[in-house]
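Worksheet for the structure shown next.
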Amino acid sequence: DVAGATCLMYNVSGRLGNRITNLSLSPKVLAEIWTGTISRWNDPQIAAINSGVVLPSAPIVAVYREDASGENYLFSQYLNYMEPQVWQPFVSTLQSGANVTAIWPTGTNHGKYNLSSFVGQTGSDNASEYVTTIGDSITYVETAYAIEHNMPCAFVQNASGNWVQPSELTDAVGLERATLLPDLEQELDGVYTNPLPTAYPISAYSYLVTPKGPGSMSSAQGTVLGRFIRYFACQGQADAGPLGYSPLPANLVTADFAAINRIPGAATAPAQATAANCQGNPYVDGQINL
């Protein structure tokens with residue numbers, strides 16, 4: 001129903017007290033921060049990719065979501081895919097089970113994993129509020145929370161080697177490589193490795209689960225639900241950007257049209273989203289070219 005991104009929102013000041021707003025973080029550095037193997041802001045690996053930025057020697061206060069959340073799942077999925085040699089040993093040390101999970105792996109210090117500066121918060125509201133008020137901290141939230149608090153998102157290195165911040169444009173470019181699994185869950189591997197220079201790699205989208213098939217709802221209900229999906233996939237997307245999210249790119253609108261065609265009673269949707277049949281979505285109707 002709407003696209004967006006995981007923003008690495010941070011509150012870091014240089015040694016002279018100036019707030020840093022141009023921090024860059026590579027996938028490897030992110031993985032090592034979030035496993036506690038990089039624990040200070042002036043670590044040589046961070047300094048090497050932030051030439052000219054006067055980083056403090058302070059410990060990194062890594063603020064994670066202690067409740068089960070989509071943010072935990074999406075961010076751990078990204079780290080697991082991009083840096084498995086860093087992420088998977090960390091997870092296996094702290095917990096048994098899957099490497100990608102809605103519960104963030106936590107615990108006390110384990111050998112090289114220094115978790116002494118990790119802080120758990122419940123909900124994106126509390127995580128973003130904590131980072132806004134506590135210096136030397138970083139968290140992972142939807143971009144909208146950083147905008148709300150007037151805080152920066154880090155530049156993340158994408159597959160082309162470029163450093164990209166999340167935005168309504170870069171998120172959508174990244175998601176042009178999103179696909180669907182057979183059960184219709186989102187498949188984001190192509191987003192993480194999207195080679196386009198303006199693609200933000202930690203982009204995703206939220207989605208609705210709807211009834212389908214005969215007997216799942218009345219024909220009248222299906223008619224209304226189909227109209228609603230058609231509306232939010234097209235005209236409704238115009239409001240996404242100002243709220244800190246991103247309009248859906250055409251490939252995801254086409255997936256919505258396919259969903260409409262699985263709903264009993266819904267009017268038949270086109271096989272593919274085009275400018276002629278999806279007015280209002282700026283990435284489909286030609287207002288903005290991805």
Side-chain angles (χ1 to χ4, degrees), residues 1-12 19-27 29-30 49-50 53 70-71 74-75 77-79 81-82 124-125 127-128 131-132 138-178 186 188-207 232-253 255-256 273 278 280-290:
D1 59 343
V2 71
T6 299
C7 155
L8 280 304
M9 172 181 160
Y10 62 95
N11 182 355
V12 183
R19 175 164 285 188
I20 295 171
T21 59
N22 58 339
L23 184 69
S24 296
L25 299 171
S26 67
V29 164
L30 283 172
I49 57 177
N50 287 276
V53 179
E71 284 79 4
L74 289 166
F75 191 41
Q77 186 180 54
Y78 169 78
L79 296 176
Y81 186 85
M82 295 299 295
S124 296
D125 285 321
S128 57
V131 169
T132 301
I138 185 170
T139 192
Y140 47 93
V141 289
E142 296 171 21
T143 309
Y145 290 92
I147 293 174
E148 178 185 2
H149 291 287
N150 195 30
M151 298 295 289
C153 296
F155 290 81
V156 176
Q157 190 175 35
N158 65 17
S160 77
N162 282 357
W163 302 90
V164 183
Q165 279 182 312
S167 72
E168 60 179 297
L169 182 64
T170 60
D171 301 351
V173 172
L175 288 168
E176 288 188 292
R177 298 298 176 98
Q186 57 186 332
L188 300 174
D189 294 358
V191 180
Y192 305 149
T193 58
N194 189 324
L196 294 173
T198 57
Y200 183 72
I202 324 180
S203 298
Y205 56 90
S206 63
Y207 48 90
F232 74 62
C234 295
Q235 294 97 317
Q237 294 299 309
D239 294 323
L243 298 174
Y245 296 91
S246 171
L248 297 172
N251 56 309
L252 296 182
V253 176
D256 276 336
C278 193
N281 183 321
Y283 299 146
V284 180
D285 69 9
Q287 296 178 59
I288 301 173
N289 292 318
L290 294 181

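As the structure is a computational prediction, the values presented were derived from the model and not from experiment.
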Find the distance between CG (D189) and OH (Y78) and round it off to the nearest 0.5 Å. 12.5 Å

If you compare all heavy atoms of I147 against all heavy atoms of G244, which two are closest, and at what distance to 0.1 Å? CD1-CA, 3.6 Å

Residue pair N11 / R19, side-chain donor-acceptor N/O under 3.5 Å: yes

Tell me, with the steps shown, if Y245 and T143 meet side chain to side chain contact (heavy atoms under 4.5 Å, CB included). CA-CA 7 Å; Y245 296 91; T143 309; over 6 Å; no

Measure the shortest side-chain to side-chain distance between C153 and L8 over non-hydrogen atoms and say whether it is less than 4.5 angstrom. no

Side chain to side chain donor-acceptor pair (under 3.5 Å) between Q237 and Y283: does it pass, once the steps are laid out? CA-CA 9 Å; Q237 294 299 309; Y283 299 146; over 6 Å; no

Sub-4.5 Å side-chain heavy-atom contact between F155 and L25: no

For P27 and L79, the nearest pair of non-hydrogen atoms, with its separation, is O-CD2, 4.5 Å

So which heavy atom on N194 is nearest to which on A199, and how close? CG-CB, 3.7 Å

D1 vs Y205, side chain to side chain contact (heavy atoms under 4.5 Å, CB included): CA-CA, chis, key distance, verdict: CA-CA 7 Å; D1 59 343; Y205 56 90; over 6 Å; no

Just so I know, are the side chains of T132 and M9 near enough to count as touching, which here means a heavy-atom distance under 4.5 Å? yes

Which residue pairs satisfy the side chain to side chain donor-acceptor pair (under 3.5 Å) criterion with at least one member in residues 161-176, sequence neighbours excluded? S167-T170

Please examine the side chains of S24 and Q157, heavy atoms only from C-beta on, and report whether any two atoms are closer than 4.5 Å. no

Please report the shortest heavy-atom distance between P166 and A5, naming the atom on each side. CB-CB, 3.8 Å

Quick one: CD on E71 to OG1 on T139, what's the gap to the nearest 0.5 Å? 9.0 Å

Is the side chain of N251 donor-acceptor paired with the backbone N or O of L175 at a distance under 3.5 Å, no angle test? yes

A side-chain contact here means heavy atoms from C-beta on lying under 4.5 Å apart; do P249 and L290 qualify? yes

Taking the six-membered ring for Trp, are Y81 and Y192 parallel (under 30°), tilted (30 to 60°) or perpendicular (over 60°)? tilted

Pair I288-L169, side chain to side chain contact (heavy atoms under 4.5 Å, CB included): steps then yes or no: CA-CA 9 Å; I288 301 173; L169 182 64; 4.1 Å; yes

Donor-acceptor pair, distance only, cut-off 3.5 Å: does the side chain of N281 make one with the backbone of Q235? no

Heavy-atom side-chain contact between N158 and Y200 under 4.5 Å: no

Heavy-atom pair with the smallest gap, counting every atom of G280 and D285: N-OD2, 2.9 Å

Any chance you could lay out the side chain to side chain contact (heavy atoms under 4.5 Å, CB included) test for I20 and V53, step after step, and finish with the verdict? CA-CA 8 Å; I20 295 171; V53 179; 3.7 Å; yes

Closest approach of V253 to C278 (non-hydrogen atoms, all atoms of both residues): CG1-SG, 3.8 Å

Any side-chain heavy-atom pair of L74 and I202 under 4.5 Å: no

Is T6 close to V141 at the side-chain level, that is, under 4.5 Å between some pair of heavy atoms? no

Any donor-acceptor N/O pair, Y10 side chain to M151 backbone, under 3.5 Å: no

Whether the side chain of E142 engages the backbone of C7 through a donor-acceptor N/O pair (distance < 3.5 Å, no angle test) should be reported. no

